[in-house]
Amino acid sequence: MNMKIVGHRGARGLAPENTIAGLKKGLEHHVDALEFDLRVTKDKIVVLHHNQSVVDSSGKRFFIRSADYRTLKKHKPDLTTFDEVLQAIPKGTPLFIEVKTWVDTKPIISLIRDSFKHGWKLSDMTLRSFSYITLKKLHRALPDVHINILERFSGVRATSRARRMHTKSLTMKQQFLWFGFIKAISRNGYQLYAYTINDPVKAKRWEQYGLYGIVTDFPDRFEKR
């Protein structure tokens, strides 16, 4: 299998998602890139988390944008900061960085800029978001960082945004893909990733039609040796 394998939130089927342990688990299985989600706390700390809120063991909910990092860490001890990732993951590892909707991009932009002074390279980073507004902010501030368009179901919207962002890289939800679309999009020069694919048989079949890569919870099923 020659398609690109991206570890979803690290390797969420094998280890806690959006954590250093999860990211390292993805690396153990030789993924081509690590994907994770970014949000920003009330005190402007950039953390890895998919949902808008942290829920502790008692069921108490804390919205990330409305709580400070210390409080969130107390209720979710494995809450990981973006800065910790940049320190713990080997430089040169391709990172697919999903910035969530309605997130303050300024602290994220600042950390990425600073990372380039400490050994990370432009080619290591790919920025992605479902929010076109967020993508525009990121692209305006970091015009040389690669952009990947995230889209659930609309190929028209995905390619339109790609043209405006000057990228050929797309990621779409697998439930809305079919072989004819994959073939057409590939012929038009786009690099299409599908999420979330955990079935090697499906991945292999779609690769034959031009699917460029997959985002998976179980990178061990696609390990390249």
Side-chain angles (χ1 to χ4, degrees), residues 1-18 22-23 25-26 29 31-39 48-53 94-103 125-139 146-222:
M1 187 175 291
N2 296 315
M3 65 168 49
K4 300 294 184 182
I5 307 300
V6 179
H8 188 210
R9 305 178 201 165
R12 70 185 299 259
L14 305 174
E17 65 178 47
N18 282 322
L23 296 171
K25 182 62 69 174
H29 294 289
V31 295
D32 294 297
L34 292 170
E35 185 268 355
F36 51 85
D37 306 306
L38 293 187
R39 292 188 180 275
L48 277 65
H49 202 67
H50 177 70
N51 296 327
Q52 297 182 49
S53 57
L95 305 179
F96 272 39
I97 303 165
E98 180 180 343
V99 181
K100 306 304 285 188
T101 304
W102 307 119
V103 163
M125 309 274 181
T126 296
L127 294 169
R128 54 213 305 265
S129 182
F130 283 105
S131 166
Y132 183 60
I133 293 173
T134 298
L135 282 176
K136 285 198 297 183
K137 290 178 181 178
L138 294 168
H139 188 53
H146 191 55
I147 294 288
N148 174 261
I149 304 297
L150 273 174
E151 170 58 44
R152 290 179 177 85
F153 62 87
S154 174
V156 172
R157 183 162 53 209
T159 53
S160 173
R161 289 181 175 181
R163 286 191 296 272
R164 283 178 277 171
M165 288 285 132
H166 307 290
T167 182
K168 286 286 189 177
S169 183
L170 314 172
T171 301
M172 294 183 64
K173 194 170 186 177
Q174 64 147 323
Q175 286 88 340
F176 298 100
L177 298 178
W178 65 292
F179 73 89
F181 175 80
I182 294 169
K183 189 182 245 184
I185 208 83
S186 176
R187 284 179 174 173
N188 281 301
Y190 289 98
Q191 297 175 345
L192 176 63
Y193 294 81
Y195 77 94
T196 305
I197 292 188
N198 297 320
D199 179 359
V201 175
K202 174 181 276 191
K204 187 68 176 177
R205 184 170 67 248
W206 281 4
E207 182 181 23
Q208 295 172 3
Y209 295 109
L211 188 66
Y212 187 79
I214 62 165
V215 181
T216 183
D217 298 327
F218 295 95
D220 55 319
R221 299 177 185 176
F222 305 87

**Prompt:** Counting N and O atoms only, with roles assigned by atom type, does the side chain of Thr167 sit under 3.5 Å from a partner on the main chain of Ile147, one being a donor and the other an acceptor?
**Reply:** yes

**Request:** Please identify each residue that fulfils salt bridge (charged side-chain N to carboxylate O under 4.0 Å, His left out) with Glu17, with sequence neighbours left out.
**Result:**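 Arg9, Arg12.
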
Run the side-chain hydrogen bond (donor to acceptor under 3.5 Å, both in side chains) test against [X] and tell me which residues pass, sequence neighbours left out.
| X | value |
| --- | --- |
| His29 | Glu223 |
| Ser53 | Arg61 |
| Asn148 | Arg128, Ser169, Thr171 |
| Thr126 | none |

**Request:** Write out all pairs satisfying salt bridge (Lys or Arg N to Asp or Glu O under 4.0 Å) with one or both partners inside residues 189-198, taking only residues at least two apart or from two chains.
**Result:**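 The answer is none; no pair qualifies.
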
**Prompt:** Among pairs that include at least one residue of residues 153-171, which meet salt bridge (Lys or Arg N to Asp or Glu O under 4.0 Å), considering only residues two or more places apart or in two chains?
**Reply:** Glu151-Arg157

Any residue meeting side-chain contact (heavy atoms from CB on, under 4.5 Å) with [X], in chain and number order, not counting sequence neighbours:
| X | value |
| --- | --- |
| Lys100 | Asp37, Arg39, His50, Glu98, Val103 |
| Pro94 | Ala33 |
| Gln175 | Lys173 |

Side-chain atoms of residues 187-202: list all donor-acceptor pairs with protein atoms under 3.5 Å, sequence neighbours left out, distances to 0.1 Å.
| unit_1 | atom_1 | unit_2 | atom_2 | d |
| --- | --- | --- | --- | --- |
| Asn188 | ND2 | Ala184 | O | 3.0 |
| Asn198 | OD1 | Thr216 | OG1 | 2.9 |
| Asn198 | OD1 | Asp217 | N | 2.9 |
| Asn198 | ND2 | Asp217 | OD2 | 3.3 |
| Asp199 | OD1 | Val201 | N | 2.9 |
| Lys202 | NZ | Gln174 | OE1 | 2.7 |

**Prompt:** How would you list all residue pairs meeting ring pair (Phe, Tyr, Trp, His ring centres under 6.0 Å) that involve residues 159-188, not counting sequence neighbours?
**Reply:** Phe153-Phe176, Phe179-Tyr209

**Message:** Do Leu34 and Phe96 make a side-chain contact, defined as non-hydrogen atoms from C-beta onward lying under 4.5 Å apart?
**Reply:**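 Of all side-chain heavy-atom pairs linking Phe96 with Leu34, none is under 4.5 Å.
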
